[in-house]
Amino acid sequence: MHDEQISPIAAAAGAGDPTPSLRRCIALLRSHSSLPHLRQTHAHALRTGIPLFHPLLAKHLIFSLISLPSPPLSYAELLFSLLPNPNIFTLNTMIRGYAESPHPLPALLLHRRMNAASLPPDSHTYPFLLKACARLLDLRHGESVHSLSVKNAHTSSVFVQNSLLHFYGACGLFESAHQVFEEMPVRNLVTWNSVINGFALNGRPNEALTLFQQVLDEENVVKPDGFTMVSLLTACAELGALALGRRVHLYIIKSGLYQNSHIGNALIDLYSKSGVAVDACKVFDEMPDRTVVSWTSLIVGLAVNGFGKEALKFFDEMEIGKLKPTEITLVGVLYACSHCGLVDQGFRYFNQMKDDYGIVPRIEHYGCMVDLLGRAGLVNKAHDFILNMPLEPNAVIWRTLLGACAMHKRVGLGEVAWSRLIKLDPGHSGDYVLLSNLYAGGSRWTEVQKLRRSMIKGGVKKTPGHSLLELGNKVYDFVMGDQSNPETDLIYEKLEEIAKRLRKEGYVARTTNVLADIQEEEKETALCYHSERLAIAFGLMKSAPGAAIRIVKNLRVCEDCHLAIKLISKVYEREIVVRDRSRFHHFRDGICTCKDYW
DNA sequence: ATAGGGTTAG
């Protein structure tokens, strides 16, 4: 139909029937995959007398250009603008080009122009448009594309449905994604992967894993692949769901997918984020194809688990293997130095990174250096470093300094950092908590009260702390003061018992940090009900004696809980692994691997 | 011609 539309122009250009030379040019355009070749063919076509914007030539040339690995958009745009009546094929090609480019917005503008010209999309248009919407996180436009596809009765295509699924997942509307999924009569592998990934990306790992069980039930229809595995492993890693992750790992081995390097990287990440660095190393050793990402994941993983020196050893080995580190690798390296107090070595890496690896330090690297100095107690040096850095310090930089001040009880400098933070990122509840702890640590109760009032007045709400605990096949979520667990009464009884036994060991609650819990008035009770305590109590009740207890917490562990957990590990003879917001704590026999420094 | 993936300072 659209070819008919353009045929008058084609006829005017002398191309009602492609001439043999035009046909040869088109064949050449279709077979070549490099820009110079395409340019050459284009020039050749013009030399043999084919008009500059011959529609057939333009259509194939634009298609070939957009299909190049990094498409020369301006060249395609020029040709496109010369076409008086672009057909739907060429429009789709241009929309695809924009949708896949670093700046997808023009794809949506082109869609608006099509709307204005009452040119309806065909079933191929929607996936490109939805891809652009997904990448731009443009929910409104995406939803309008959805209703348009319904209106034009184009939703029966699996491609359109999968694109909708992916779009909703990418924009965080996993429920809408799931609804599209539920209504699909035919589902292929991409369908399953998109819906699983939609849940995995949006912090719903339990749903992702449930869906995986469903695919396995339908194994004869759809067989999960590497993409599925990476999504699942990512979901498990986020939860610290080690047992579930191990089951996925078994499936990977059984199904012969273990050679896939992306899966290997995801496994390294899973074991690192679950606090089993040994297994992360084992996966790394057994990987047939290690990429920079594999090395980087392992280095970061070792560093967060407190094995900074081992992390640096791997970095040296990587250099010997002539593998070029990325900027992320260097973040890992500096992170390792900072968590192990290796100040001088950290500075050596930092000062050499441009010369040795051609990597110009980014704000993240400067952040590591502030952390490195701050953790080591050199808070004034950290402040000087911030004042002299060539990049504009952001909120994270000042927050790092504030954290160091809280750690080393430096009220004056902490207030300097705070004054920057309320301008750069007002209303960040974590900053209030840090400053409050700093004041409380110095017994500055008036300031604490003032801060508390301004927090209430400004409507700043503390992020509720919650802890995850994996038992059997399930991951349990505990929130402070939570009563939703059917065994709440038993948990609270257990907490009583724990409190009694700890007191016998000479435990006294440290209530200085409790002021963070703005609404809670009874300090000591509040401490006992911190989410990690609930999770540990439940873990002690439900797991076999001597079994390790693993907790993942969304915030940092408070000083009092840290002390209590150390004692619990001793009294109950349990290894307790807590993944903090920023690092790992491995408690065993009354000691923590962070050396009380976090 | 049409859909999907991993590592990043606090």
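In what follows, every heavy atom counts, from backbone to side chain, and hydrogens, waters and symmetry copies are set aside.
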Test for a donor-acceptor pair under 3.5 Å between the base of B/dG4 and the side chain of A/His166, counting only N and O atoms. no
Which residue in the set A/Phe128, A/Phe167, A/Tyr168 passes side chain to side chain contact (heavy atoms under 4.5 Å, CB included) when paired with A/Cys133? A/Phe167
Planes under 30° and centres closer than 5.5 Å, is that true for A/Phe159 with the base of B/dA3? no
Remember a base hit wins even if backbone is also touched, and classify A/Ile363 as base, sugar-phosphate or nothing at under 4.0 Å, heavy atoms. base
Just to be sure I understand the rule, does A/Ser261 reach a base, reach only the sugar-phosphate, or reach nothing, if contact means heavy atoms closer than 4.0 Å? nothing
Roughly how many Å is it from CZ in A/Phe350 to P in B/dA9, rounded to a whole number? 16 Å
Base, sugar-phosphate, or nothing: which does A/Ser163 touch, judged by heavy atoms less than 4.0 Å apart? sugar-phosphate
How many whole angstroms separate atom CG of A/Asn305 from atom P of B/dT7? 16 Å
Looking at A/Phe347, I want to see if its CZ is surrounded by more than 12 non-hydrogen atoms of other residues, nucleotides or ligands under 6.0 Å. yes
Look only at the side chain of A/Asn394 and the backbone of A/Val396, and say whether a donor-acceptor pair between them is shorter than 3.5 Å. yes
Under 4.0 Å, heavy atoms only, any strand: does A/Asp225 hit a base, just the sugar-phosphate, or nothing? base
Any side-chain N or O of A/Lys131 below 4.0 angstrom from OP1/OP2 of B/dT2? no
Name the nucleic acid region contacted by A/Asn260, choosing base, sugar-phosphate or nothing; use a 4.0 angstrom heavy-atom cut-off, strictly under. base
Would you mind reading off the distance between A/Leu373 atom CG and B/dA9 atom C1', rounded to a whole angstrom? 13 Å
Scan A/Arg362 against the nucleic acid and name what it touches under 4.0 Å (heavy atoms): base, sugar-phosphate only, or nothing. base
Within the 4.0 Å heavy-atom criterion, would you say A/Asn92 contacts the bases, only the backbone, or no part of the nucleic acid? base
Could you state the atom-to-atom distance from CZ of A/Phe128 to C1' of B/dT2 in whole Å? 5 Å
Does the ring of A/His124 lie flat against the base of B/dA1, closer than 5.5 Å centre to centre with planes under 30°? yes
Roughly how many Å is it from CG in A/Leu164 to P in B/dG4, rounded to a whole number? 12 Å
Flag yes if more than 12 heavy atoms outside A/Gln352 fall under 6.0 Å of its CD atom; otherwise flag no. yes
Within a 6.0 Å radius of atom CZ on A/Arg581, are there more than 12 heavy atoms belonging to other residues, nucleotides or ligands? no
What does A/Thr291 touch in the nucleic acid at a heavy-atom separation under 4.0 angstrom: a base, only the sugar-phosphate, or nothing? base
base_contact_polar (B/dA3 base, A/Asn193 side chain, donor-acceptor, <3.5 Å): no
Using whole Å, report how far CG of A/Asn394 lies from C1' of B/dG10. 10 Å
